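First listed ligand is number 1; within each ligand, the first listed atom is number 1. Bear in mind the structure is a predicted one, so any value in this text is a computation, not a measurement.
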Amino acid sequence: MKKIAVLTSGGDAPGMNTTIRAVVRRGIFKGLEVYGIYNGYRGLIDGNFVSMNLGSVGDIIHRGGTILQSTRCEEFKTVEGQDKALTQLKEKGIDGLIVIGGDGTFKGAEQLTAQGFPTNGIPGTIDNDIAGTEYTIGFDTAVNTAVEAIDKIRDTAASHERTYVVEVMGRDAGNIALWAGMCAGAESIIIPEVDYDAENVVDRIKKGYERGKTHSIIVIAEGVGKGTEIGKVIKEKTGFDTKVTILGHIQRGGAPSAYDRMMSNQLGAKAVDLLIDGKKGVMVGLKNNQVINTPFKEVEKEKHKQMMDLSTYHLARSLSI
Ligand SMILES: Nc1ncnc2c1ncn2[C@@H]1O[C@H](COP(=O)(O)OP(=O)(O)OP(=O)(O)O)[C@@H](O)[C@H]1O
Ligand SMILES: O=P(O)(O)OC[C@H]1O[C@](O)(CO)[C@@H](O)[C@@H]1O
Ligand SMILES: [Mg+2]
């Protein structure tokens, strides 16, 4: 292994830059040449490669976003697209690839691996929805952003005796909603992993007002449906002044938290070390506080929904009566 390349793909996540830095610096430390690929799989197909040195990743450890840019690339899902990518890697003399992204990104990496190109993955997505790891880079920062926002909403909600529905990100997973809802003391948390019971949500709001609460906060994961629809139902059924706030992409930006930076460094370096040791076709991850690796095939097979530990959800409910 002499030359490796790194790319970021799918939705960006705080910590991607720290991870790029870790990959580049660990690679150089281990005597490798390291290339960056711009725009994820799009840049891989187009041959948009750049040579990276120690200075290329200076002053990015604390920055949100990704200096390599990220895209969603439909062409890469086709055999023709993957062939073009493999030709580029061959022409540039690259021996190994590291992809930073989410579940979709690893499906792509699995294809490259199946076609014989050594590829490893690092989980980078705010959703924390990847099987084979208990943590994905960016989740902690996103949750903290959501909690900070909900704390602010609570101030104004209390002043005006309002009910707020706050929609947070999570395409198919309720992890951000669960953590942010629990940490911000939401009355109800609505996530795709648990059947939505509108009557129960309304009931909890009414009971809260009856015992003198001045506000209610309902956190909903976007994967369940539109917060605006739920807001309408709550308003109709309670008669309370109900507002809806969609936090949106604010959750994807900002400086990575210390925890995200630590994970970026640990997982980034491990992905490089594994390639050097000849271990390929795996995603690095965290289990029981240990850095582990899981074959892409298994990452795909396991369903994240079945992995979610719902004890946290039930605990949150018991604390928000
Ligand atoms: N089945 C597949 N085969 C080949 N490539 C794929 C496949 N699925 C996804 N990809 C590639 O990975 C890219 C990123 O996937 P996707 O848009 O699902 O984001 P992700 O990696 O899951 O990240 P996030 O969910 O955090 O946004 C896609 O645009 C596509 O190029
Ligand atoms: O930025 P885009 O392409 O609209 O993607 C939004 C999606 O990406 C994520 O932020 C990360 O997967 C999801 O929570 C969200 O559904
Ligand atoms: Mg995904």
Side-chain angles (χ1 to χ4, degrees), residues 7-16 19 37-46 48 64-66 68-86 88 97-115 117 119-133 135-143 145-146 166-180 191-192 219-227 246-254 260 281 283 285 296-297 299-305 307:
L7 61 80
T8 49
S9 164
D12 64 348
M16 277 187 166
T19 313
I37 300 170
Y38 284 113
N39 296 322
Y41 291 128
R42 178 77 264 150
L44 183 55
I45 289 174
D46 295 344
N48 200 352
T66 158
L68 291 176
Q69 310 284 116
S70 189
T71 51
R72 303 191 196 274
C73 171
E74 283 304 308
E75 192 184 353
F76 191 72
K77 291 182 180 171
T78 65
V79 177
E80 295 76 26
Q82 288 158 23
D83 283 347
K84 285 186 199 166
L86 287 162
Q88 290 290 353
L97 176 68
I98 290 180
V99 297
I100 307 166
D103 53 341
T105 299
F106 300 140
K107 281 183 195 146
E110 160 66 3
Q111 300 298 325
L112 292 177
T113 307
Q115 293 179 56
F117 195 85
T119 307
N120 285 343
I122 304 172
T125 166
I126 62 166
D127 290 353
N128 201 19
D129 63 346
I130 300 178
T133 182
Y135 192 74
T136 64
I137 291 161
F139 177 68
D140 184 60
T141 307
V143 166
T145 300
V166 183
E167 182 184 306
V168 299
M169 274 189 161
R171 198 201 311 238
D172 306 306
N175 300 295
I176 297 176
L178 179 54
W179 276 62
I191 55 176
V219 174
I220 175 172
E222 63 170 343
V224 177
K226 292 224 174 312
I246 300 168
L247 294 188
H249 287 80
I250 190 174
Q251 295 158 98
R252 286 247 294 266
D260 272 324
M283 178 196 75
F296 288 133
K297 268 199 178 98
V299 172
E300 233 192 286
K301 234 176 19 193
E302 236 186 300
K303 284 278 165 285
H304 173 80
K305 248 188 190 174
M307 289 169 41

J.: Tell me, which protein residue and heavy-atom name are nearest atom 5 (O) of ligand 2, and how many Å apart are they?
T.: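 Going atom by atom, the protein heavy atom closest to atom 5 (O) of ligand 2 ends up being R72 NH2, 2.9 Å.
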J.: Of the side chain and backbone of I176, name the one, both, or neither that has a heavy atom under 4.0 Å from an atom of ligand 2.
T.: neither
J.: At what distance, to the nearest 0.5 angstrom, does CD of E75 lie from CG of D46?
T.: 7.5 Å
J.: For atom 15 (C) of ligand 2, what is the closest protein heavy atom, and at what distance to 0.1 Å?
T.: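 I find the closest protein heavy atom is E222 OE2, 3.0 Å.
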J.: With respect to the Mg ion (ligand 3), please indicate if D103 possesses an N, O or S atom at a distance under 2.8 Å.
T.: yes
J.: G101 to ligand 1: N or O pair under 3.5 Å?
T.: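 No, since none of the N or O atoms of G101 sits under 3.5 Å from an N or O of ligand 1.
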J.: Tell me if a side-chain donor or acceptor on R42 pairs with a main-chain N or O of C73 at a distance below 3.5 Å.
T.: no
J.: Can you name the nearest heavy-atom pair linking G254 to P14, along with the distance?
T.: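 Scanning both residues, the minimum pair turns out to be O-CB, 3.7 Å.
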J.: What protein heavy atom lies closest to atom 13 (C) of ligand 1? Include the residue and the distance to one decimal.
T.: S9 OG, 3.6 Å
J.: Show the atoms of ligand 2 that are less than 4.0 angstrom away from any heavy atom in I126.
T.: 10 (O)
J.: Heavy-atom distances under 4.0 Å decide this one: backbone, side chain, both or neither, for R171 against ligand 1?
T.: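 Near ligand 1, R171 shows its side chain, while the N, CA, C and O stay back.
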J.: I want to check something: taking the side chain as every heavy atom from C-beta on, are L97 and I37 in contact at a cut-off of under 4.5 Å?
T.: yes
J.: So, D260 side chain and T141 main chain: donor-acceptor pair closer than 3.5 Å or not?
T.: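 It does hold such a pair.
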J.: So for G170, does at least one of its heavy atoms come nearer than 4.0 angstrom to any atom of ligand 2?
T.: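 Under 4.0 Å: yes for G170.
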J.: Could you list the atoms of ligand 1 found under 4.0 angstrom from a heavy atom of G102?
T.: 20 (P), 21 (O), 22 (O), 23 (O)
J.: Can you report which non-hydrogen protein atom sits closest to atom 14 (O) of ligand 2, along with the distance?
T.: D127 OD1, 2.7 Å
J.: With heavy atoms of Y41 as the reference, note each atom of ligand 1 found under 4.0 Å away.
T.: 11 (C), 12 (O), 31 (O)
J.: Using distance alone, decide if ligand 1 has a nitrogen or oxygen within less than 3.5 Å of any nitrogen or oxygen in R72.
T.: yes
J.: I need the atoms of ligand 1 closer than 4.0 Å to a non-hydrogen atom of T125, numbered in the order shown.
T.: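 Listed by number with element, the hits are 26 (O).
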J.: Distance to 0.1 Å, residue and atom name: give those for the protein heavy atom nearest to atom 5 (N) of ligand 1.
T.: G108 CA, 3.3 Å
J.: Using a strict cut-off of 4.0 Å, indicate which atoms of ligand 2 neighbour a heavy atom of R252.
T.: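 Answer for ligand 2: 1 (O), 2 (P), 5 (O), 6 (C), 7 (C), 8 (O), 9 (C), 10 (O).
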J.: Under 4.0 Å from any heavy atom of C73, which atoms of ligand 1 are there?
T.: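 Matching atoms, with element in brackets: 28 (C), 29 (O), 30 (C), 31 (O).
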J.: Measure from the side-chain N and O atoms of T8 to the backbone N and O of Q69, and report whether any donor-acceptor pair falls under 3.5 Å.
T.: yes
J.: Ignoring hydrogens and geometry, is there a side-chain-to-backbone donor-acceptor pair from E167 to I220 under 3.5 Å?
T.: no
J.: Quick check: Q82 and ligand 1, any N/O pair under 3.5 Å apart?
T.: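 No.
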J.: About how many Å separate CD1 of I176 and CZ of R171, when rounded to the nearest 0.5 Å?
T.: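 So the gap between those two atoms works out to 11.5 Å.
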J.: Output the distance between atom CD1 (I126) and atom CD1 (I137), rounded to the nearest 0.5 Å.
T.: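 Going from the CD1 atom of I126 to the CD1 atom of I137 covers 14.0 Å.
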J.: Are the side chain of Q115 and the backbone N or O of L112 linked by a donor-acceptor pair below 3.5 Å?
T.: no
J.: Show me which atoms of ligand 1 lie under 4.0 Å from any heavy atom of K107.
T.: 1 (N), 2 (C), 7 (C), 8 (N)
J.: Quick check for you: to the nearest 0.5 Å, what is the distance between M169 atom CE and D127 atom CG?
T.: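 Spacing of CE (M169) from CG (D127) equals 8.0 Å.
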J.: Below 3.5 angstrom, do we get any N/O pair linking G124 and ligand 1?
T.: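 Between G124 and ligand 1, no N or O pair is found under 3.5 Å apart.
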J.: Would you say OH of Y38 has more than 12 non-hydrogen atoms from neighbouring residues, nucleotides or ligands within 6.0 angstrom?
T.: no
J.: Do me a favour and list the nearest non-hydrogen protein atom to atom 21 (O) of ligand 1 with residue, atom name and distance?
T.: T105 OG1, 2.5 Å
J.: Between atom CZ of F139 and atom OG1 of T125, what is the distance when rounded to the nearest 0.5 Å?
T.: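 Answer for the CZ-OG1 pair, F139 versus T125, is 10.0 Å.
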J.: Under 3.5 Å, N or O to N or O, is D103 touching ligand 1 that way?
T.: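 So ligand 1 has an N or O lying under 3.5 Å from an N or O of D103.
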J.: So, taking the atom named OG1 in T119 and the one named CZ in F106, what distance separates them when rounded to the nearest 0.5 Å?
T.: 11.5 Å
J.: Could you check atom 10 (N) of ligand 1 against the protein and tell me its nearest heavy-atom contact, residue, atom and distance included?
T.: G104 O, 3.2 Å
J.: Look at the rings of Y41 and F76 and say which category their plane angle falls in: under 30° parallel, 30 to 60° tilted, over 60° perpendicular.
T.: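 Correct class here is parallel.
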J.: Of all the atoms in ligand 2, which lie at a distance below 4.0 Å from a heavy atom belonging to R171?
T.: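 Those of ligand 2 that fall under 4.0 Å from R171 are 12 (O), 13 (C), 14 (O), 16 (O).
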J.: What do you reckon, does Q251 put a non-hydrogen atom under 4.0 Å from ligand 2?
T.: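 No, Q251 has no heavy atom closer than 4.0 Å to ligand 2.
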J.: Among protein heavy atoms, which sits nearest to atom 4 (O) of ligand 2, and what does the distance come to when rounded to 0.1 Å?
T.: H249 NE2, 3.5 Å
